[in-house]
Amino acid sequence: MNSSEMLAVYFIAGSQDVPENTLPEILEDALQAGITCFQFREKKLANPEKLAKQCQKLCKQYQVPFFINDDVALALKIEADGIHVGQDDMAIQEVIATCAKKMMIGLSINTLEQGQKAAHIAELTYIGVGPIYETTSKVDAQPATGIQLIQDIRKAGITLPIVAIGGITAKDTTAIHDAGAQGVAMISAITKATNRAQVVQQFSHN
């Protein structure tokens with residue numbers, strides 16, 4: 001699976017995003033429906049290893065890459081497929097020093113300047129750009145960038161694979177792909193869906 005295929009329908013979630021003890025069940029629904037990547041972003045549990053391993057096992061069953069958000073120690077301990085960090089998490093050079101060659105690395109971008117810096121980091125697998133639209137899933141979300149930031153990154157000649165995130169619904173995906181992103185990431189679009197299979201398929205077919 002190349003990075004474009006991997007980023008196509010990128011699901012992100014942790015226990016804080018779903019009713020108690022339902023994350024594995026919701027993840028399996030999403031895997032069955034065809035998500036192409038999963039990022040375990042846990043902000044509630046003091047010890048998330050058990051839940052992370054449950055999610056990792058499901059991803060392996062469906063041959064979908066399993067990323068961990070921010071927690072480098074956990075990602076290394078359970079041998080995750082990848083680690084994703086934000087601008088305010090561990091410095092990206094530290095992440096590279098401990099994780100490069102062991103797993104894929106994703107980095108969040110909110111400005112063109114951050115994108116230009118990322119373009120010089122050879123070890124990055126992709127960049128997560130956003131929030132594209134206003135989002136309720138992250139309490140500390142940066143201001144929305146719109147698809148303009150994706151277009152600006154591409155106009156600047158930055159060729160890193162992009163996954164767009166933040167308030168995205170299935171109807172937005174065509175415009176996001178047209179702007180130059182390889183895929184879209186979502187939290188609440190899947191966790192709050194009444195028909196998860198239908199939602200994932202809508203994202204897949206746009």
Exercise. Show your working on side-chain contact (heavy atoms from CB on, under 4.5 Å) between R41 and Q16 and close with a plain yes or no.
Key: CA-CA 9 Å; R41 179 180 171 271; Q16 70 281 351; 3.7 Å; yes
Practice problem: Kindly determine whether M6 and V163 satisfy side-chain contact (heavy atoms from CB on, under 4.5 Å), including the steps that lead there. | Solution: CA-CA 10 Å; M6 176 180 85; V163 61; over 6 Å; no
Heavy-atom pair of closest approach, residues [X] and [Y]:
{"X": "S4", "Y": "Q182", "value": "OG-CG, 3.2 Å"}
{"X": "A30", "Y": "F11", "value": "CB-CD2, 4.0 Å"}
{"X": "V199", "Y": "A193", "value": "CG2-CB, 3.6 Å"}
{"X": "V184", "Y": "M186", "value": "O-CE, 3.6 Å"}
{"X": "A197", "Y": "A33", "value": "CA-CB, 3.5 Å"}
{"X": "G34", "Y": "S204", "value": "O-OG, 4.3 Å"}

Can you tell me how far apart [atom1] ([X]) and [atom2] ([Y]) are? Round to the nearest 0.5 Å.
{"X": "F40", "Y": "I12", "atom1": "CZ", "atom2": "CD1", "answer": "13.0 Å"}
{"X": "L23", "Y": "D17", "atom1": "CG", "atom2": "CG", "answer": "8.0 Å"}
{"X": "I105", "Y": "I96", "atom1": "CD1", "atom2": "CD1", "answer": "5.0 Å"}
{"X": "R154", "Y": "L149", "atom1": "CZ", "atom2": "CG", "answer": "10.5 Å"}
{"X": "F203", "Y": "T36", "atom1": "CZ", "atom2": "OG1", "answer": "11.5 Å"}
{"X": "Y133", "Y": "T145", "atom1": "OH", "atom2": "OG1", "answer": "9.0 Å"}

Quiz item: Checking Q87 side chain against S108 main chain: does a donor-acceptor pair fall under 3.5 Å?
Solution: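 Flag set: sc Q87 to bb S108 pair under 3.5 Å.
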Exercise. Kindly say whether N2 contributes a backbone atom to a donor-acceptor pair with the side chain of E5 at under 3.5 angstrom?
Key: yes
Quiz item: Heavy-atom distance under 4.5 Å between the side chains of R196 and I26, does that happen here?
Solution: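 Answer yes - side chains close enough.
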Practice problem: Using a 4.5 Å cut-off on heavy atoms from C-beta on, say whether the side chain of L160 contacts that of L124. | Solution: yes
Quiz item: L7 and Y10: side-chain contact (heavy atoms from CB on, under 4.5 Å), yes or no, with the steps?
Solution: CA-CA 6 Å; L7 299 175; Y10 190 139; 3.7 Å; yes
Self-check item: Within 6.0 angstrom of Q61 CD, more than 12 heavy atoms from elsewhere
Solution: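 Yes - once you tally the heavy atoms of other residues, nucleotides and ligands closer than 6.0 Å, there are more than 12.
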Quiz item: Checking side-chain contact (heavy atoms from CB on, under 4.5 Å) for the pair M103/D81: CA distance, chi angles, key distance, verdict?
Solution: CA-CA 5 Å; M103 62 185 70; D81 298 310; 6.0 Å; no
Quiz item: F67 and Y126: aromatic ring centres closer than 6.0 Å?
Solution: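 They qualify: ring centres under 6.0 Å apart.
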Exercise. Indicate whether the side chain of E42 and that of S15 have a donor and an acceptor atom separated by less than 3.5 Å.
Key: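 E42 vs S15: donor-acceptor pair found between side chains.
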Quiz item: Any side-chain donor-acceptor pair under 3.5 Å between N110 and Q114?
Solution: no
Quiz prompt | With A179 via side chain to side chain contact (heavy atoms under 4.5 Å, CB included) - residues at least two apart | solution =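 Only I147, I150, Q151 meet the side chain to side chain contact (heavy atoms under 4.5 Å, CB included) criterion with A179.
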Quiz item: Listed by chain and number, what are the side chain to side chain contact (heavy atoms under 4.5 Å, CB included) partners of V72, not counting sequence neighbours?
Solution: L76, I83, M90, V95, T98, C99
All N/O donor-acceptor pairs, side-chain side in residues 52-60, below 3.5 Å, sequence neighbours left out:
unit_1	atom_1	unit_2	atom_2	d
K53	NZ	E49	OE2	3.0
Q56	NE2	I78	O	2.9
Q56	NE2	E79	O	3.3

Quiz prompt | Test applied, side-chain contact (heavy atoms from CB on, under 4.5 Å); reference residue, Q116; option that passes from I109, T111, I158, I153 | solution =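 It is I158; the other options fail the test.
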